[in-house]
Novice: 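Let me begin by handing over the structure; questions about it come next.
Residue numbers begin at 1 in each chain, while the letters A, B, ... track the order of the sequences. All values below were derived from every heavy atom in this structure, side-chain atoms included, with hydrogens, water molecules and symmetry-related copies excluded.
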Amino acid sequence: MFRYFPEQASAHAADVDWMNNIITDLSLFFTVAIVGAMIYFAIRYRQRNGKDHETPRIEGSHTLEMIWTIVPTIVSIFLAYYGVVIYQQTREVPENALRITAWGQKWFWDFEYEYKDEAGQSQVKKIGGKDVEWVVPVDRPIKLVMQSRDVLHSFFIPAMRAKKDVIPGQWSYIVFTPIKTGKYPVFCTEYCGKEHSNMMASLRVVSEAEFDRWLKDRSAENALAGMSPSARGKQLYTEKGCNACHSLDGSRLIGPSFLKVFGKKESLQDGTTVDVDENYIQESILHPNKQIVEGYAPVMPSYDGQLGPDEIAGLIAFIQAQDGSAPVAAPVAAPVDDGWDKLSPLERGEKLVKAKTVPACTSCHSLDGSALVGPSFKGIFGRTAELQDGTSLVVDEAYLEESILNPMAKIAKNFAPAMPPVYGTQLKEQDVKDIVEYLKTVK
Amino acid sequence: MSAYSAAGEANAKPNYLNHEKGIWSWLTTVDHKRICLLYLFAILIFFFVGGMAALAMRLELAKLYGTGQHNFIDAETYNAMFTIHGAVMIFLFIVPGIPATLGNFLLPLMIGAKDVAFPKLNLFSWYIYMVGACMALFGLLKPIGPAFMEKAMNFIGVHGPVDTGWTFYAPYSIETGTSVVWMTAAAFVLGFSSILTGLNFIVTIHKLRAPGMTWDRLPVFVWGTYATAVIQTLATPVVGITLLLVIMERGFGVGVFNPKLGGDPVLYQHLFWFYSHPVVYIMVLPAFGIVGEIIPVFSRKPIFGYKAVVYASVTIAVVGFLVWAHHMFVAGISEAAAIYFSVVTFGVAVPTAVKVFNWVSTMYRGSIRFNTPMLYAMGFIFLFMVAGTTGVYLAVLAVDVYYHDTYFVVAHFHYTIQGGAVIGLMGGLYYWFPKMSGKMYNETAGKVTWFLVFVGFNLTFIPQFALGMEGMPRRYYDYLPQYQNLHQVSTAGAVINALGYTLALLNLGWAAVFGRVKAPANPWDSLSLEWQTPSPPPHENFEVTPVVTGSTYAYGTPVRGDAAAH
Amino acid sequence: MSASHHATAAEVGPGDPPHIHHMDTPTAYQSAKLGMWLFLATEILLFGGLFTSFALYHWAYFEEFHHASKELNWVYGSVNTVVLLFSSFTAALAVDAAQRGDSRRCSKNLLITIACGFLFLIIKGIEYTGKYSHGLFPGTERWNSPEFIQEYKMYFGLYYCMTGLHALHVVLGMGLLTWVYLKARKGRFSSRYFVPVEVGALYWHLVDLIWIYLFPLLYLVG
Amino acid sequence: MGHHTDTHGDHAAGHGFEIMPTQDHSDDFGHISPYSIYAKIFVALLVLTVLTVGVTRLDFGSMNIVIAMFIASIKAMLVALFFMHLKFERMTTWIYAVFPLVLLGIMMAGIFVDNPYRATPGPAAEAKAPISADHVTEGHATKAQH
Ligand code: HEA
Ligand code: HEA
Ligand code: CUA
Ligand SMILES: [Cu+2]
C-alpha cells in the first residue's frame, strides 16, 4: 500500500525503502487505531433523540497515560535508531569509490572526471551544461563531491535515494552504488531562482567497459585541442558568451572591445593604469572584478574553474590577434536550420531577438521594461522616443529598421551610443522585417 | 449545575458590540473583544490573498496545455506566487491567526478578567501588525505604470515581488533583485507585533485570573495560548535579528551569511529555523486548545487526563526549541548535529501522541452531539494524525534525505497547518460564534461546508504525498510529464477546498450580519467561564467578578470517590 | 490590599496611581514589571542572534578577529563602560528614591542617567568618526584594498551591527527615561506609584547589561 | 471595581500547577534595599571592569575570552540581582530572566555541534580554490576545512 517510489537503482535504496515502509505500517496502525476508536465512540455513544444520556465523570487514568507515553516512546527510539543507522550506511564512502566532482551553477550542472590515461598521465574530462548527461559505471561506488558557484542548489537522484545540498564555498558529497544500468533523472531540490525547475541532468549508468570507453573518448574536446590556439579562442569567444559583452570592431558594449586591446594601456577605476598583457587578460578572465577598466561596471562573472589553461591560452591568443589587421569577420547569425522558413515572421523575429543575433539584442534591450544598456523593447512600438539631440519622434517601422542597420544615426536620450553596427552584415532583409514585426508585439 | 457564582442570561443591556458606535470607536478601542474582531477582519483578508496565490499556483501546475511550457503564469510569476503564498499565509495569516483573534477574545473571558493586562499595548500590537502588513504589500508590488512611477517605486526599494520562498535562504535572498528588504522588514515588524501579543498574554494569565481560577483549573485553551505566548515572546526576536542581518548584508555587505564574503549560509538556516520550527507550534498549540475545549462539551465528559494534556502542551513548547535543525538534514550540517536533531525531534512526537490519545478517550462513554464545531474537532483528529505521522517520516534521518524538499514535505505541512491550525481555527470560530456575535448560524450550511472543506482538503493534498514519494521536488514551476495526473487531481481538490472555505466563512458572515436567531448565553451547555456571561458579552465581560469554585470540565455524573471533590 | 488603592477617577491626585479599570494597583505594578522583564527576555534573544554569529566567526577566524580588534581603541571602550555603569547606578538610585517617595532625588538621578546616555553616544560618535577616517568603514579606500581581508570586514561588519543596535537601544532608553523624568518633575510619583520609573530603569539596566558583554568581546579579546 | 489580590491564583496555594512560591504582601511595591548597597555594587562593578581590562592586557591567549566572559557574567549578575532587584523578585520573573539565557545557550550549542564538525570530503577537490578569489575567499566558517 502507498508504495510510490521510483525503482531502486542503488545499493542502499532497498534499506531506505524498508525504513520508509516500516514507518508507513506503524503510521497506518496508529492512525487506524485512533481514528477507528474515534469513529466507534462517535457512533456508539452518540446522543439519541436529542437528549443527553448519563455520562460518567471520568477524569483520566494513570495507567493509560503511562501506556500511551511509553509505547510511542519505544516506537520512537526504534525509529530514530534505525533511521540513524541506515543514514550512516548511506553516507559511508567505500575505499574503491569513484570520485567525481560536480559544480552547480544557475541553472546547470558541470562534472569533472579525473583519470589516468595509458601513459599514466592524469587527465580531466569535463562535461556540463543544461540537461547534461553524465555517466557512471554500474556496481561501483560513486562519490560525487559537489560545490556551487553561486547560490544554494541541491543534488537529488530519486532512483538512487541520494540528495545533498550544494553550497557555495563549501564541499559536500553524496555516495551511492548503482546496481542497474539505465537512465535516471537528476533534480535540483534547493530553490535557486528563476529556472530552478529546469536545473536538471540525467544520470546514465553503464557497464564498466562502456564507461571506460566513454571516459577516454575525448574526441569532442580533442577537436578543440587540435586547433591552433587562436582558432580555439575564436570558438570559445562565442561558445562561452564573451561576444555578448566584448565586441571585435571597437564598438562599446557592456565591456571593453577586444579590438587592439592587447598591448594597450588601460586606465582603471581606481586611478591606476595597467598594461594589457597575457597576465592581465588571464586575471580578468579568472577574477574579472578586481581590476575594472574605468567607465565600466563590475558585472562580469568569473570563469574560474570553467576554463582550462589551454582554453585561457587560446583566448589570449585570439585577443592578441585582434590587432585590426584582419577585417572583422562578423559571425553569421540566423543559421538556416531546417524549418526556419516554416516559422511565422513573429516566431522568427522572436528567435532572432532573443538568440540568433550576435550579440543577441536582448543582452542590451530588456523585454520587461527594465533599462539595460539600451532602451527596453517593452511597448517600444508607437512610443514617443526622445533623442539625444533634443528632438523626439514616434517609433515606427522605419525608425526601428534604421536603428538596427545603422545604430548611431539616432540615439535615444539618456543612453550611450554603444550599439555595435554589426547587424547590417548579419541580417538579411527579411530578418530585419521579422524583428520589427516581433518588436511590435512586445507589450 | 453551574460551578460559578456569576452567571448572566441574555438581556437587553448594552454589549461590547453596541455600547459605543462608529468606526472611530472601533479604531481606538482597547477592548480585547473588539480587538479580536479587528484582527479577525485583517487575517481573513490575508487568508484570501494567500488563497488566491495558491489557486494561481494550482492552476499553473495543472498544466492544462501540457508540461514543459508555461500555461498561465511564467516562471518568475510562479516563484513570486509561492513566496507570497507562503509568507502571507505564515506571517500575516496563521501566526497571528488563532492567538490574536480567539486568544484575544477568550483569554480574559476564560480566566474571569475584565481585559488583558495591557489593553493599550494590545491595540498597539494591532496597529503594528497593520503597518507590517502594508510593508509586506510593498514587497509584493511590481513597479509598473509610467516611467516616473517606476523610478519612484525603485527609489523606495520596490523592485518586484519577492521570489525567495518564505524561508529567505541566503545567499539567494542576498543576491536577488526583488524587494526582499521590504518583505523581511515586514516580517520583522510583524514579529514585533507577535512578541507584544505574547507578552501581554503571559502577564494576563499570571496576574489577572479571577479568584479561585487556579492554574489547575485553567481551561486547556488558556494553557495552549500560554505555551504559544512563551514561544511568541522568546523565539520571534531571533528571526527578527536574522532578517535584519539579511538586510544589512544586502545594504552593506556584512558577510555573515554570504559565502562570497567568508560567511556561512548554513548559519542563516540555523537562525531562521530556531524561530521557524517553534513557530509551527505557535500555529498548532492554540488549535490543540480549541479541540480540547470542543470535545468535552459535545461529549458531556471532562477532558480525559487534564494534567497530561497540559503538561504535554508545555513540553511541546519547550522541546520545540531543541529540534530546529531537522529542517536541515541535507543542508550540509555535520553528522553529529544531524543525529542529535533527528533523535530529539521525537521528543515532540511523544507529547503530541499523548494529547491525541486523551482527546479520543474523552469521547468514551460520552453523549456525543455532532454540531459543526464537533465535526471540525473530529476532522482535526484525523487530519492531524496524518500530519503528525508524516512528520515522523521526515524526522527519521534516512528517510528525510529522500523526502526533503519534495512535495511530501509540502503535503506534510499543509496537513499540519491547514488540517491542524486552520481547521482548528474554523472549529473555534463555529464554536464561539454565538458568543462573539450573539447570533446563531445555519447549522445545515455549517455541516455541508465542513464536508466540502474536508473532502476538498484531502483531495488536494493526498496526491501530493504520492507526488513526493515519486520524487517530485517542491518550488517547481514545471515538471516531468509523469507527475501530471496527480497534480491535476490536486488542483481539482484545491478548487473544492477553496469553495468550502469561502462558503463556510460566508455562512458565519451572513449570520453575523443578517442572522435573526439570537444566541442564548450558553447554547452548547458549556461550563467554562466565557459562557456564563451574556452573548455577546458586556463591555467589561462580567457584571460581577466571577469566583471560581470548581473544575471547568465537571461534566457528567461523578463516579466513585469523586463526589466529595465536586 | 486596602480599599484605599481604588481611588475613583475624580479622586486621583498627584502621586496617586492612575485609575485602571481592570485591575487593582499592586497587580498593575506587578504586571508592568513582569511585562518589562519579558520584554527584556526578548531583547536578550534579539542580541543573542548577533552574539551567536560573533561567537561562531570568532572561533573560525580567531587570529584575524584578534588582529582586527586591535584597531579598536580600548580606552574609549573602557571609558564608555564606566559611563554606562555609572548611569545604571544612578538609574537604580532613581528607583530607590521613588520607592522612598523622594521625588526630587528621583528626578535628579534620572537626569544624570540621561546625561550619561548622551555622553556615551558622544564618545561612540567620536569613535565611529575615528573609524571612518582610519578607513575602517565600508566604501573607504583602506576597506576596499586587498590587504583589508574579508575576515576584517566581517569583524567590523559585526562590530557596527552590534554596537549600532546597542546605540539604538541607548537612544530608545533615553527617550523612555526622558518621558519618565518629565513625569517625575511634575511630582507624579510617590511611594505608592512609581511603575514608570522602575520599568524605565529596568530597560536602562538591560542596555548596560548588553554593553557589559559587548565591551570585552569586541575591544579586549576580539 | 478591581478584585482583591489575595484571592488571585498566584496566592491560592495548594493546587496541582502552583508554580509561584507563596508570597507575603510586603513586596507589593517592590523591595526597598538599603541605600548603601547600590554604592557598594557600583564600586564592585568598577573593580571588575579594571580587572577585565588588566587581565586581557596581560594576554592569556585563547583563555582571554573565557576569563573575560566569566568576569562579565559576574558583573551582569550583580546588575541584575541588585540594580534590577531580581534578588527580590518572584519565581515567575526568575523563570523569564533565566529561560532566555538557557535558550541562547541551546542555540549556540546546536550551532557549535554543527559547524566545527562538518565533514571534509576527500582531498583532491578542496585543494582548488572554490570560486575565484574575489568571489569567495577560501576560508569558510569551518575550521575543519583548513
Ligand atoms: C503546524 C505546523 C506543524 C506541525 C505541528 C508539525 C509537526 C511536526 N513536524 Fe513539521 N513542518 C511544518 C509544520 C509543522 N510540523 C512546516 C511548515 C514544515 C516545512 C517548512 C518549509 O520547509 O517550508 C515542516 C517540515 C518538517 C520537517 C522538515 C522536512 C524537510 O524539509 O526535510 C520535519 C523533519 O523532521 C518535520 C517534522 C515534524 C514532526 C516530527 C512533527 C511532530 O510535532 C508531529 C507529532 C505528531 C504525531 C507524531 C502524531 C500523533 C502521534 C501518535 C498518535 C503516536 C504514534 C507516533 C509515534 C509512535 C511517533 N516537519
Ligand atoms: C497557513 C498556511 C497555509 C495555507 C492555509 C495554505 C493553503 C493552501 N496551499 Fe500552501 N503553502 C504554505 C502555507 C499554507 N498554504 C507554505 C508556508 C508554503 C511554502 C511556500 C514556500 O515554498 O516558500 C506553501 C506552499 C504551497 C504549495 C507548493 C508550491 C511549490 O512548492 O511550488 C502548494 C501547491 O499546491 C500550495 C497549495 C495550497 C492550496 C491549494 C491551499 C488552499 O487550501 C488554500 C485555500 C484557501 C482559499 C482559496 C481562500 C478561501 C477564501 C477566503 C478565506 C475568503 C473568504 C472570506 C470571507 C467570506 C470573509 N501551497
Ligand atoms: Cu539549482 Cu535549484
Ligand atoms: Cu520543524
Novice: Can you check whether Gly556(B)'s main-chain N or O pairs, donor with acceptor, with Arg57(A)'s side chain at less than 3.5 Å?
Specialist: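 Looks like yes, one N/O pair under 3.5 Å.
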Novice: Under 3.5 Å, is there a donor-acceptor pair between the Asp52(A) and Ser367(B) side chains?
Specialist: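 Distance-only check passes for Asp52(A) and Ser367(B).
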Novice: Using non-hydrogen atoms and a 4.5 Å limit, figure out which bit of Thr69(A) sits close to chain B: side chain, backbone, both or neither.
Specialist: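 Both backbone and side chain.
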Novice: Sort Ser299(B) into side chain, backbone, both or neither according to what part of it lies under 4.5 angstrom from a heavy atom of chain A.
Specialist: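 Answer is backbone: N, CA, C or O of Ser299(B) sit under 4.5 Å from chain A.
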Novice: By a 4.5 Å heavy-atom criterion (distance strictly below it), what part of Asn358(B) contacts chain A: side chain, backbone, both, or neither?
Specialist: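 Interface part for Asn358(B): both.
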Novice: Report yes or no: is the cationic atom of Arg365(B) (NZ for Lys, CZ for Arg) under 6.0 Å from the centre of the six-membered ring of Tyr45(A), at an angle within 45° of the ring normal?
Specialist: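 No - Arg365(B) does not lie over the ring of Tyr45(A) by the 6.0 Å and 45° rule.
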Novice: Which region of Pro265(B), side chain (C-beta onward) or backbone (N, CA, C, O), has a non-hydrogen atom less than 4.5 Å from a non-hydrogen atom of chain A, or is it both or neither?
Specialist: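 Side chain of Pro265(B) only, per the 4.5 Å heavy-atom cut-off to chain A.
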Novice: Does any N or O in the side chain of Lys163(A) come within less than 3.5 Å of the main-chain N or O of His404(B), such that one atom is a donor and the other an acceptor?
Specialist: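 At least one qualifying donor-acceptor pair exists.
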Novice: What part of Val360(B) lies closer than 4.5 angstrom to a heavy atom of chain A: side chain, backbone, both or neither?
Specialist: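 Its backbone and side chain both get close to chain A.
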Novice: For the side chain of Ser172(A) and the backbone of Gly332(B), is there at least one donor-acceptor N/O pair under 3.5 Å apart?
Specialist: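 Not a single qualifying donor-acceptor pair exists.
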Novice: Side chains of Glu65(A) and Phe304(B): closer than 4.5 Å at any heavy-atom pair?
Specialist: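 Counting from C-beta outward, Glu65(A) and Phe304(B) do come under 4.5 Å.
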Novice: Tyr87(A) and Phe329(B): aromatic ring centres closer than 6.0 Å?
Specialist: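 Between Phe329(B) and Tyr87(A), which both carry aromatic rings, the centre distance is not below 6.0 Å.
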Novice: Would you say the ring centroid of Tyr191(A) lies under 6.0 angstrom from that of Tyr169(B)?
Specialist: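 No; Tyr169(B) has its ring centre 6.0 Å or more from that of Tyr191(A).
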Novice: Please state whether the rings of Phe357(B) and Phe30(A) are parallel, tilted or perpendicular, taking 30° and 60° as the class boundaries.
Specialist: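 Rings of Phe357(B) and Phe30(A): perpendicular, over 60°.
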Novice: Determine, step by step, whether Tyr402(B) and Asn20(A) satisfy the side chain to side chain contact (heavy atoms under 4.5 Å, CB included) criterion, reporting the C-alpha distance in whole Å, the side-chain angles of both residues, the deciding distance to 0.1 Å, and the verdict.
Specialist: CA-CA 10 Å; Tyr402(B) 182 79; Asn20(A) 179 80; over 6 Å; no
Novice: By a 4.5 Å heavy-atom criterion (distance strictly below it), what part of Thr345(B) contacts chain A: side chain, backbone, both, or neither?
Specialist: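 Neither the backbone nor the side chain of Thr345(B) comes within 4.5 Å of chain A.
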Novice: Could you verify whether a donor N or O on one side chain and an acceptor N or O on the other, from Tyr78(B) and Ser197(A), lie under 3.5 Å apart?
Specialist: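 Distance-only check fails for Tyr78(B) and Ser197(A).
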Novice: Measuring heavy-atom distances to chain A, does Glu335(B) have an atom under 4.5 Å in its side chain, in its backbone, in both, or in neither?
Specialist: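 Contact with chain A is through the side chain of Glu335(B) alone.
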Novice: Do we see a donor-acceptor contact under 3.5 Å between the side chains of Glu54(A) and Thr557(B)?
Specialist: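 Glu54(A) vs Thr557(B): donor-acceptor pair found between side chains.
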Novice: Go through the steps to decide whether Asp264(B) and Gln170(A) satisfy the test side chain to side chain contact (heavy atoms under 4.5 Å, CB included), and finish with yes or no.
Specialist: CA-CA 9 Å; Asp264(B) 178 14; Gln170(A) 191 170 309; 3.7 Å; yes
